[in-house]
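Here's the structure we're looking at; comments come further down.
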Amino acid sequence: MPNNVEMYDEAIRLQEAGQIEAAIQKLQELLEQDPNYGLAHAALSVFYGKLARYDEAVEHAEKLCQLEPEDPFSYVALSLICQKAGRLPEAEQAMFQARQVQIAQYRKQMSQQG
């Protein structure tokens, strides 16, 4: 059985070949194997967004934020998907959260420096 990285890489190859539905299927298989694989959720949010399947895109972007709460990119990605979906209050909240994570990281870095 292929590992997570191999399955993810295969999904990306499928997407790059224009086979987005097959890529989505491969990522769903990966998530059956490991439901907490963040890169799969990130990719699914993008792929579903490209298909204008925004509810699914937002769902995976939100899951990424749960899995990677200290990564501001997670919230930026959620914000972008919410913007495309026309969910502007949610998009603004996600961008606010991204900024809060950045501030927390900056403060932590400054406190470690002295």
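Note that the coordinates shown come from a computational prediction; the quantities given were computed from them, not determined experimentally. Atoms considered below: every heavy atom in the structure, side chains included; atoms not considered: hydrogens, waters and symmetry mates.
- Applying the side chain to side chain donor-acceptor pair (under 3.5 Å) rule to pairs touching residues 62-74 yields nothing, sequence neighbours excluded.
- A search for side chain to side chain contact (heavy atoms under 4.5 Å, CB included) contacts involving K50 returns Q15, I20, V46, not counting sequence neighbours.
- In this structure, the ring pair (Phe, Tyr, Trp, His ring centres under 6.0 Å) partners of H41, at least two apart in sequence or on a different chain, are H60.
- Legend: residues meeting side chain to side chain contact (heavy atoms under 4.5 Å, CB included) with N4, ordered by chain and number and at least two apart, are L30, Q33, D34, Y37.
- The CG atom of D9 lies 11.0 Å from the CG atom of L14; values are rounded to the nearest 0.5 Å.
- Minimum heavy-atom separation, A61 to S45: N-CB, 3.7 Å.
- L78 belongs to a hydrophobic cluster with V58, I81, counting contacts under 4.5 Å between side-chain heavy atoms of Ile, Leu, Val, Met, Phe, Trp and Tyr, direct or through other members.
- Of the options K108, Q113, R107, Q112, a side chain to side chain contact (heavy atoms under 4.5 Å, CB included) to M110 is made by Q113 and by none of the others.
- Looking at K26 and E29, a side-chain N of the basic residue comes within less than 4.0 Å of a carboxylate O on the acidic one, giving a salt bridge.
- A heavy-atom distance below 4.5 Å is not found between the side chains of E92 and F96.
- Q105 meets the side-chain hydrogen bond (donor to acceptor under 3.5 Å, both in side chains) test with no other residue; sequence neighbours excluded.
- The line from CD of Q25 to CD of Q19 is 12.5 Å long, rounded to the nearest 0.5 Å.
- Residue L64 shares its hydrophobic cluster (ILVMFWY side chains chained together at separations under 4.5 Å) with no other residue.
- The side chain to side chain contact (heavy atoms under 4.5 Å, CB included) test applied to P2 returns E6, M7, not counting sequence neighbours.
- With sequence neighbours excluded, the residues satisfying side chain to side chain contact (heavy atoms under 4.5 Å, CB included) with A43 are Y8, L27, F47.
- The ring pair (Phe, Tyr, Trp, His ring centres under 6.0 Å) contacts involving residues 67-87 comprise nothing, where partners must be two or more places apart or lie in separate chains.
- Applying the under-4.5 Å side-chain rule to Ile, Leu, Val, Met, Phe, Trp and Tyr, the cluster around L67 consists of that residue alone.
- When hydrophobic residues (I, L, V, M, F, W, Y) are linked wherever their side-chain heavy atoms come within less than 4.5 Å, the members clustered with L80 are V76, M95.
- Put simply, CZ on R53 and CD on E59 are 11.0 Å apart, with the number rounded to the nearest 0.5 Å.
- The two residues S79 and A91 come nearest to each other via the heavy atoms OG-O, 2.9 Å.
- For the atom pair CD1 of I24 and CG of L51, the computed distance is 5.0 Å after rounding to the nearest 0.5 Å.
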